[in-house]
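For reference, the structure discussed in these notes is given below.
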Amino acid sequence: MVGAIDWDRRLFDQLIPLPDGTSYNAYLIDGGEKTALLDTVDPTKTTVLMDNLIKLGIHRVDYIVSHHAEQDHSGAIPDMLMFYPDAKVVTNPKCKGMLIDLLHIEEDRFITIEDNHRISLGSKTLQFVYIPWVHWPETMGTYLVEDKIFFPCDFFGSHLATSSLFVDDEAVVYEAAKRYYAEIMMPFRTNIVKNLEKINALDIEMIAPSHGPVYNKPGFIIDAYKDWISDQPKNEVLLPYISMHHSVAKMVEHFVVALTERGIKVRQFDLAATDIGKLAMALVDAATIVIGSPTVLTGPHPNVAYACFLANALRPKAKFASIIGSYAWGGRMVEQIKELIPNLKVQLLEPVIAKGLPRDDDFAALDRLADEILAKHKELKIITSN
Ligand code: FEO
């Protein structure tokens, strides 16, 4: 491993929180006759990669394999090509085009390969495996045939800075990998199903992703992915909300108790302060999403609109949704929220909207909504009690 650990990075894409930092894993494979560098690092860490190669006495690199054109892995390729003037970038035609667009790499520095193409380094063989849409269309992995190591780039990755090369605390890595899946991979769930089937044909003893520690027991992360991508959601209600003058807060408080009493797990998020990574993780499993909003300038609160936009983009597997909230003098809050979530393939359950501070009939309506969610979860056979 010759990549870099980014302990202090706290934001990715100026969007995704990184509470535990991240790493940009690059791997060097010496086959005796040829040497290959698998991916590089984020351009902010180019000197770390160079120092690691210099310390190892690597005077020649023949191939720089680029699995994915995003700059956190490809950004140091131009400097590597200057440092190793005989090196060629090995990638697929789609990734080549993207690297030319994103990094202005010269056409004659490329060798293009196709799916399942092999390159011999002497005693080591690289087999390239297309794994599109995890999470860009050009993404591929490399299978190191003799050592049975699969390098899947972002696929199976985790934003986790750690000095341990291998997973040494499965609970910590599970959390980081689930957060990563939720934020990066979840919109491509159907592609992940196909890619998992494809790599199932490989005899894999180790998975070495491009972020986070290496899995020397690959079953751990493969089983986690199988759970996350399954069509069956869990008996959970995700309840992101905002309250300005405590009306929505009172409804949320009542509703959470009503759901809990019916044996339904609730994940409540105050959108005034929530970590969107945690919200994304909750979207992985929830069968039902209930959005809580006051009415602001005739529509939902902007933080609620942002959460709806995010959930719509992440395309979770939730089956049901509803809206609870309040208004003082009117508006189109419910209609506007519905318009923000067209990608959610959910059945919309009757919203509960209070005029001002909720009254007894509003609380009764929340109880009815909790009953309906219970019935729906029972239909899905994800709840058996009550
Ligand atoms: Fe880690 Fe899609 O780059």
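Whatever order the structure lists ligands and atoms in, that order sets their numbers, starting from 1. The figures here come from the full heavy-atom set of this structure, side chains too, leaving out hydrogens, waters and symmetry mates.
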* **Beyond-backbone contact of Phe155 with Tyr225, side-chain heavy atoms, under 4.5 angstrom** => yes

Side-chain atoms of residues 338-355: list all donor-acceptor pairs with protein atoms under 3.5 Å, sequence neighbours left out, distances to 0.1 Å.
from   : atom 1 : to     : atom 2 : distance (Å)
Glu339 : OE2    : Arg332 : NH2    : 3.2
Asn343 : ND2    : Asn312 : O      : 3.1
Gln347 : OE1    : Lys376 : NZ     : 3.3

For residues 277-292, tabulate all N or O donor-acceptor pairs below 3.5 Å that involve a side-chain atom, not counting sequence neighbours.
from   : atom 1 : to     : atom 2 : distance (Å)
Asp285 : OD2    : Lys178 : NZ     : 2.5
Thr288 : OG1    : His377 : NE2    : 2.7

Residues 126-133 side chain polar contacts: donor-acceptor under 3.5 Å, at least two apart:
from   : atom 1 : to     : atom 2 : distance (Å)
Gln127 : OE1    : Arg118 : NE     : 3.3
Gln127 : OE1    : Arg118 : NH2    : 3.0
Gln127 : NE2    : Asn116 : OD1    : 3.3
Tyr130 : OH     : Ile113 : O      : 3.1
Tyr130 : OH     : Glu114 : OE1    : 3.4

* Structure fact -> Given a cut-off of 2.8 Å, the protein N, O or S atoms lying below it from atom 2 (Fe) of ligand 1 are His68 NE2, Glu70 OE1, His135 NE2, Asp154 OD2

* Structure fact -> With Glu236 as partner, the option from Lys319, Arg267, Lys317 fulfilling salt bridge (charged side-chain N to carboxylate O under 4.0 Å, His left out) is Arg267

* Qualifying residue, where the test is side-chain contact (heavy atoms from CB on, under 4.5 Å) with His73 and the options are Asp154, Leu38, Asn25 -> Asp154

